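Down below is the structure, laid out as structure tokens.
Values in this document were obtained by computation on a predicted structure and should not be read as measured data.
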Amino acid sequence: MNIDKFTITSYDQITGFDRTNGSLDMILDELNDFTLSHEEEKADITGKGGRIISSLKKSKKVTGKGTNGMLSGGALAAMLGAEINDGEHVIRYTDAITVSGNKALTSETAIGEVGNEIGTIYIRDTNNAYISGGERLTQTSGTPAAGEFSYDPDTKEITFFAGDVEDGTEVIAFYDAEVTGTKISNDASHYGKTLQLFIDVTCQDSCDNLFHGQIIIDRAEFNGTFDITGGSDPTTLGFEFSSLPSLCTGKSDLWDFVLFD
């Protein structure tokens, strides 16, 4: 490989590891773009007639910035200073329910205060509106009267007052349910993590030989300012970090770039 004349043809992936225990914290392997920026300040020293006779260089700075084509839970946690928690979590569930014989079943088990797990059920009006013109039924802990319904969380069965809701009618309920999943919390008192980063690249020299490269950043401090975009285009994740010298080891390197076959 000829490193006098070479180019980086692709940024393949960025992996981030906990600096204390070495565990893998994040992988970004759908990089749309990435830039490693370098800055330094220079103060000119002037002499007679204002001519520049020397300069003082200081404040060297390296930052990385890019966009990943898909969301990464590990990268989100790194930017938020959060942990990823697997287990049981409570969500607000939206349930469209079809009524038959004054009965219906919820898709999930509604949880909450006994006798008020669901609270309110909404019935569409003739314009399919739930809120502006729809009818609302209220949960009761006893036998339902007109305008009321009861709920048994053990069987997930809703019972309506006879005649309140016609067979085949779709009603909607919003209730809390416990699900098995993964949670990332954005705590206002936590800030971006500092990880050890490895940036893998593919390189090509002037003779079309391909080889590998890895940029190693011992201390990468992630910035908590970012957008989670979406809409007509797929969701992407922008990220940014700053390289810091590893003071605990006495090294001032902001990065190492290793090239290999």
Side-chain angles (χ1 to χ4, degrees), residues 8-39 61-96 107-111 172 174-203 212-244 254-255 257:
I8 295 175
T9 59
S10 69
Y11 283 94
D12 301 323
Q13 69 174 19
I14 300 175
T15 51
F17 295 83
D18 185 284
R19 298 187 68 253
T20 302
N21 58 34
S23 65
L24 175 66
D25 270 22
M26 54 161 270
I27 298 178
L28 296 172
D29 57 3
E30 295 292 344
L31 295 166
N32 291 337
D33 58 80
F34 178 73
T35 302
L36 195 62
S37 301
H38 302 75
E39 303 174 37
K61 182 181 179 182
V62 172
T63 57
K65 185 176 183 179
T67 305
N68 201 56
M70 302 186 76
L71 294 179
S72 162
L76 284 172
M79 291 186 286
L80 297 172
E83 299 302 324
I84 299 176
N85 297 310
D86 295 323
E88 301 296 321
H89 307 291
V90 176
I91 64 165
R92 179 57 55 90
Y93 192 79
T94 300
D95 204 353
S107 300
E108 301 290 335
T109 300
I111 62 174
I172 192 166
F174 303 89
Y175 54 81
D176 289 343
E178 192 172 67
V179 297
T180 301
T182 302
K183 181 175 74 173
I184 302 171
S185 298
N186 186 0
D187 190 321
S189 62
H190 292 177
Y191 300 92
K193 296 179 182 179
T194 300
L195 303 178
Q196 185 181 36
L197 288 193
F198 298 87
I199 305 169
D200 291 298
V201 300
T202 298
C203 303
H212 300 287
Q214 187 174 82
I215 301 170
I216 303 168
I217 300 176
D218 196 50
R219 293 180 68 209
E221 182 183 59
F222 276 84
N223 191 331
T225 301
F226 63 97
D227 297 318
I228 301 176
T229 61
S232 58
D233 295 323
T235 303
T236 60
L237 179 64
F239 61 93
E240 184 174 354
F241 61 83
S242 298
S243 177
L244 305 174
L254 295 176
W255 54 252
F257 190 9

Original post:
Under 3.5 Å, is there a donor-acceptor pair between the side chain of S23 and the main chain of D18?
Top reply: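 No; zero donor-acceptor contacts below 3.5 Å.
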
[X] vs [Y] side-chain heavy atoms within contact, under 4.5 Å:
| X | Y | answer |
| --- | --- | --- |
| I199 | W255 | no |
| H38 | L254 | no |
| E240 | F226 | no |
| T63 | N223 | no |
| T109 | Y93 | no |
| M26 | I14 | yes |
| K193 | F222 | no |
| Y191 | E221 | no |

Could you measure the distance from the [atom1] atom of [X] to the [atom2] atom of [Y]? Nearest 0.5 Å is fine.
| X | Y | atom1 | atom2 | result |
| --- | --- | --- | --- | --- |
| I111 | D176 | CD1 | CG | 6.0 Å |
| T194 | F241 | OG1 | CZ | 11.5 Å |
| T94 | I172 | OG1 | CD1 | 6.0 Å |
| D200 | T15 | CG | OG1 | 6.0 Å |
| F34 | T67 | CZ | OG1 | 11.0 Å |
| L197 | F17 | CG | CZ | 9.5 Å |

Over all heavy atoms of both residues, which pair between [X] and [Y] is shortest? Give the atoms and the distance, please.
| X | Y | answer |
| --- | --- | --- |
| S72 | L28 | CB-CD2, 3.7 Å |
| G69 | T236 | O-CG2, 4.2 Å |
| A77 | I84 | CB-CG1, 4.0 Å |
| D86 | T182 | OD1-OG1, 2.6 Å |
| D12 | L31 | C-CD1, 4.5 Å |
| A82 | I184 | CB-CG2, 3.9 Å |

Subject >> Contacts of type ring pair (Phe, Tyr, Trp, His ring centres under 6.0 Å), residue H89, not counting sequence neighbours >> reply: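 Residues passing ring pair (Phe, Tyr, Trp, His ring centres under 6.0 Å) with H89: none at all.
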
Subject >> No-hydrogen, no-angle side-chain donor-acceptor test under 3.5 Å, D187 and S185 >> reply: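 No, S185 and D187 have no side-chain donor paired with an acceptor closer than 3.5 Å.
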
Subject >> Among M79, E30, M70, side-chain contact (heavy atoms from CB on, under 4.5 Å) partner for L237 >> reply: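 It is M79, the one option of M79, E30, M70 that forms the side-chain contact (heavy atoms from CB on, under 4.5 Å) with L237.
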
Subject >> Ion pair R19/D218, N-O distance below 4.0 Å >> reply: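 Result for this pair is yes, salt bridge flagged.
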
Original post:
Which residues pass the salt bridge (charged side-chain N to carboxylate O under 4.0 Å, His left out) test with D95, sequence neighbours left out?
Top reply: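 Scan of D95 (salt bridge (charged side-chain N to carboxylate O under 4.0 Å, His left out), adjacent residues dropped) gives none.
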
